[in-house]
Undergrad: 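Mind looking over this structure? Questions follow.
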Amino acid sequence: MINYIWMVTLFPLIGVVLNGLAGVKFPRKVTGAIGSLAILGSFLTACLIFAEVLRLPAAQRTSEVVLFTWIACGSLLVNIGFLVDPLSLVMLLTVSGVSFIIHIYSMGYMAEDEGFRRYFTYLNLFVFFMLILVSANSFLLMFVGWEGVGLCSYLLIGFWYQRRAPADAGKKAFVVNRIGDYGFLLAMMLIFVTFKTLDFSTVFAAAPHTLESGGLAVTLITLLLFLGACGKSAQIPLYVWLPDAMEGPTPVSALIHAATMVTAGVYMVVRCSVLYSLAPLSMDVVAIIGCLTAIYAASIGLMQNDIKRVLAYSTISQLGYMFLACGVGAFSAGIFHLVTHAFFKALLFLGAGSVMHGMAGELDMRKMGALKSKMPWTYWTFLIGTLALAGIFPFAGFFSKDEILWDVLQKSTVLWAGGAIGAFMTAFYMFRAVFMTFHGESRVDEQVHVHESPRVMLIPLGVLALLSVAGGFIGLPLIEGGNRLKEFLVPVIALAGHGAAAQHGAHEAGFEAVMMVVSLGVALAGIALAWLMYIKNPAVPEKLSERLSGLYRLIYNKYFVDEACAAVIVEPVKNGSLFLWRACDNKVIDGAVNGSGAVMLRASRILQRVQTGMVQGYALGFVGGVIAVLYIVFAM
């Protein structure tokens, strides 16, 4: 089955062709079924390949499948090929599996939307490009998937383009990501100049011998690659597009935040772990940016009232944890959290979509409350996702986040403290969302008839809830062979010199157990504070906002970053463009074109007087010309 890895990407492409070209004749159920079955085909194919790879010895679990030559120009040779190894398989299973669940959910959520066929076409195309990205065997083919998911995010975030806000959000995501993509392009150019190839296998094999550890070349390459990762994975300073991406349909938010676009940057850094291991400065930058982003985004999430935006800032924060792990060399821990995060973040977004469905599209948690009894299935699954995100034992997020904090502690106490602060805030704002939405007194408008979602939306919630409970057991700590995911990834991660021993070191299990308890205690403290403020004494938040009005206003307005960007970047560029349009386009370029036309018009009006249409006049002119010529000839 390994040689059929290309089929993983083929199935979504078939769905795009069928729904995009012939789907206008299909009933909605058929359109939804085609889109969903296409992703199921990818998932099942990935499962079969995964089963075959598992039967191979660890040293033989990496192979390339080349289909044909794509570019052959001088020394540049690029093939259309796929890399099959533990890392790509983990990503293929995560992307296709979670995407399939979201497709099923979408059949109920988007059932009445006029753009149903267009929606599933875009959704299949999104997954197609993401599967290309994570299975490519070269930087250039990865970049095709990289740009493809950027295009699809623009189409899906701005899906309801008839409204101004979604259209603007789609453009914002597209423009901000172009900044990061520019860094990726420059990195690829440097890689080709250095290695004369863009193939992963050749670059990574030659890197330790070609590049000087800590040298300028590898530092520039990795920093530029990380700039690209900051764009796709919404890290400081290129995070500003992700909260606005909430303007798209909620299943799209789940897909972007859980399984596709935002995970691309983390995957790329882990894929290039060999290069990053040779660039200690870049590793420090990745860790620091990840830690700052985790704290910064979590602080904004503390005071958001839009349930989807709470989850959006949570995603930015959790991606920060993944980069923090990568920055300290714990690449497998970063991938572990990526996988578990895909489960519970998809669950939370789809749960938020279920709340919106039952609340006639309402997003403001201040207009909710007491929904637990009216939407029990949504409540319990949303609570499971919240417990997993908060890092409560034995849910999935506990194991992956604890492993990150443990690995970070081996490198830096300061970074560990930053991660712990972020974990405390995460537990607080997530349970704040639970209490404001499902508990307390009802603040629902009397005209809204609250109801539970249909089964086609609830069953995916149940499946994701099970994964959010059990998903963490693939990485059990303190048990010999318990962290199966890390062992599976060793053939890839070990290339960077960060095997299991290098990541964790020889530390006593007792100390690790103590730190697990500390991590759990931090999360429980956040939950307890949320309960005190929003259940036991709901008047406290308002009193605090009045007492700390300046700080409250600063955080509530997201540190005024959007306003600052608009004032410093957007408006000057806009005004400069208007000036160039009026001064250059209108006066210089258009003036030159219009002026030349006016000159020719005036000249033609003078010459048209000669064209009288009278034969006598033409004859007279002919005779006069002949006489003038003869005079000139004989006079000379």
Side-chain angles (χ1 to χ4, degrees), residues 180 219 222-223 225-240 242-243 262-263 265-270 272-273 276-277 279-302 312-338 340-341 345 389-391 397-398 400-430 498 503-505 515-516 518-519 522-523 525-526 555 558-559 561:
T219 301
T222 49
L223 286 178
L225 287 173
F226 183 58
L227 178 60
C230 285
K232 278 292 181 288
S233 296
Q235 298 295 285
I236 293 174
L238 302 180
Y239 72 93
V240 292
L242 193 56
V262 299
T263 64
V266 179
Y267 165 76
M268 184 264 285
V269 170
V270 177
C272 299
S273 57
Y276 279 92
S277 67
L281 175 61
S282 299
M283 293 279 280
D284 291 340
V285 171
V286 172
I288 292 170
I289 292 294
C291 185
L292 291 176
T293 303
I295 298 172
Y296 173 79
S299 69
I300 298 177
L302 296 174
Y313 283 105
S314 168
T315 297
I316 299 172
S317 180
Q318 296 307 304
L319 290 166
Y321 278 100
M322 298 174 205
F323 282 113
L324 176 57
C326 293
V328 299
F331 297 105
S332 61
I335 291 297
F336 184 20
H337 197 53
L338 184 153
T340 61
H341 179 264
K345 188 50 64 68
L389 176 54
F398 168 79
S400 57
K401 187 180 292 186
D402 177 75
E403 183 175 351
I404 290 175
L405 291 176
W406 171 251
D407 288 329
V408 170
L409 183 61
Q410 315 310 309
K411 299 289 184 178
S412 169
T413 306
V414 174
L415 291 177
W416 175 88
I421 292 170
F424 173 81
M425 290 191 289
T426 299
F428 175 83
Y429 68 67
M430 282 309 303
H498 291 281
Q503 288 187 28
H504 281 278
M515 296 311 300
M516 290 172 63
V518 171
S519 175
V522 168
I555 299 177
K558 300 163 287 187
Y559 299 97
V561 170

Undergrad: Run the side-chain contact (heavy atoms from CB on, under 4.5 Å) check on Ser332 and Glu403 step by step: do they pass?
TA: CA-CA 10 Å; Ser332 61; Glu403 183 175 351; 4.3 Å; yes

Undergrad: Which heavy atom of Gly334 sits nearest a heavy atom of Met322, and at what distance?
TA: O-CG, 3.9 Å

Undergrad: As a test of understanding, state which of Lys345, His337, His341 forms a side chain to side chain donor-acceptor pair (under 3.5 Å) with Gln318.
TA: His337

Undergrad: Using the side chain to side chain contact (heavy atoms under 4.5 Å, CB included) definition, which of the options Thr263, Val270, Thr340 pairs with Ile335?
TA: Val270

Undergrad: Any chance the side chains of Tyr239 and Tyr296 put a donor and an acceptor closer than 3.5 Å?
TA: yes

Undergrad: Closest approach of Gly301 and Tyr429, non-hydrogen atoms and distance?
TA: O-CB, 3.4 Å

Undergrad: How long is the gap from OG1 on Thr293 to CG on Leu319, to the nearest 0.5 Å?
TA: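 Thr293 atom OG1 to Leu319 atom CG measures 9.0 Å (nearest 0.5 Å).
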
Undergrad: Between Ser519 and Met515, is there a donor-acceptor pair closer than 3.5 Å when you use the side chain of the first and the backbone of the second?
TA: no

Undergrad: Between Cys230 and Ile289, what is the shortest heavy-atom contact and its length?
TA: SG-CG2, 4.5 Å

Undergrad: Is it the case that the side chain of Ser317 and the backbone of Ala294 share a donor-acceptor pair, with hydrogens and angles ignored and the cut-off at 3.5 Å?
TA: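 Confirmed, Ser317 side chain pairs with Ala294 backbone.
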
Undergrad: Applying side-chain contact (heavy atoms from CB on, under 4.5 Å) to Val518 and Trp416, what does each step give before you reach the verdict?
TA: CA-CA 12 Å; Val518 171; Trp416 175 88; 4.1 Å; yes

Undergrad: Could you tell me the separation between the CG atom of Leu238 and the CG atom of Leu227, rounded to the nearest 0.5 Å?
TA: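 So the gap between those two atoms works out to 6.0 Å.
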
Undergrad: Under 3.5 Å, is there a donor-acceptor pair between the Ser299 and Tyr559 side chains?
TA: yes

Undergrad: When rounded to the nearest 0.5 angstrom, what distance separates CD1 in Ile295 from CD1 in Ile421?
TA: 5.0 Å

Undergrad: Within the structure provided, determine whether Val262 and Lys232 are in side-chain contact (heavy-atom separation under 4.5 Å).
TA: no

Undergrad: Per the ring-ring contact (aromatic ring centres under 6.0 Å, His included) rule, which among Tyr267, Phe331, Phe226 passes with Phe323?
TA: Phe226

Undergrad: Main chain of Ala279, side chain of Thr222: is a donor-acceptor contact present, judged purely on distance under 3.5 Å?
TA: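 Checking the backbone N and O of Ala279 against the side chain of Thr222, no donor-acceptor pair under 3.5 Å is found.
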
Undergrad: If you round to the nearest 0.5 Å, how far is CD1 of Ile288 from CG of Leu324?
TA: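 Those atoms lie 10.0 Å apart.
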
Undergrad: What do the steps show when you test Gln410 against Val328 for side-chain contact (heavy atoms from CB on, under 4.5 Å), and what is the final call?
TA: CA-CA 9 Å; Gln410 315 310 309; Val328 299; over 6 Å; no

Undergrad: How many angstroms lie between CE in Met516 and NZ in Lys401, if you round to the nearest 0.5 Å?
TA: 14.0 Å

Undergrad: Gln235 and Ile316: which non-hydrogen atoms are nearest, and at how many Å?
TA: NE2-O, 3.6 Å

Undergrad: Just verifying a value: how many Å separate Ile555 CD1 and Ile300 CD1, rounded to the nearest 0.5 Å?
TA: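 Answer for the CD1-CD1 pair, Ile555 versus Ile300, is 8.5 Å.
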
Undergrad: Which atom pair, heavy atoms only, marks the closest approach of Val266 to Cys326?
TA: CG1-SG, 4.5 Å

Undergrad: Using every non-hydrogen atom in the two residues, find where Gly418 and Cys291 come nearest and quote the distance to one decimal.
TA: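 Between these two residues, the closest heavy atoms are CA-SG, 3.8 Å.
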
Undergrad: Would you sort out whether Ser314 and Leu389 count as a side-chain contact (heavy atoms from CB on, under 4.5 Å), showing the intermediate values?
TA: CA-CA 9 Å; Ser314 168; Leu389 176 54; 3.2 Å; yes

Undergrad: Could you tell me whether the side chain of Tyr276 and the main chain of Ser282 form a donor-acceptor pair under 3.5 Å?
TA: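 Between the backbone of Ser282 and the side chain of Tyr276 there is no qualifying donor-acceptor contact (under 3.5 Å).
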
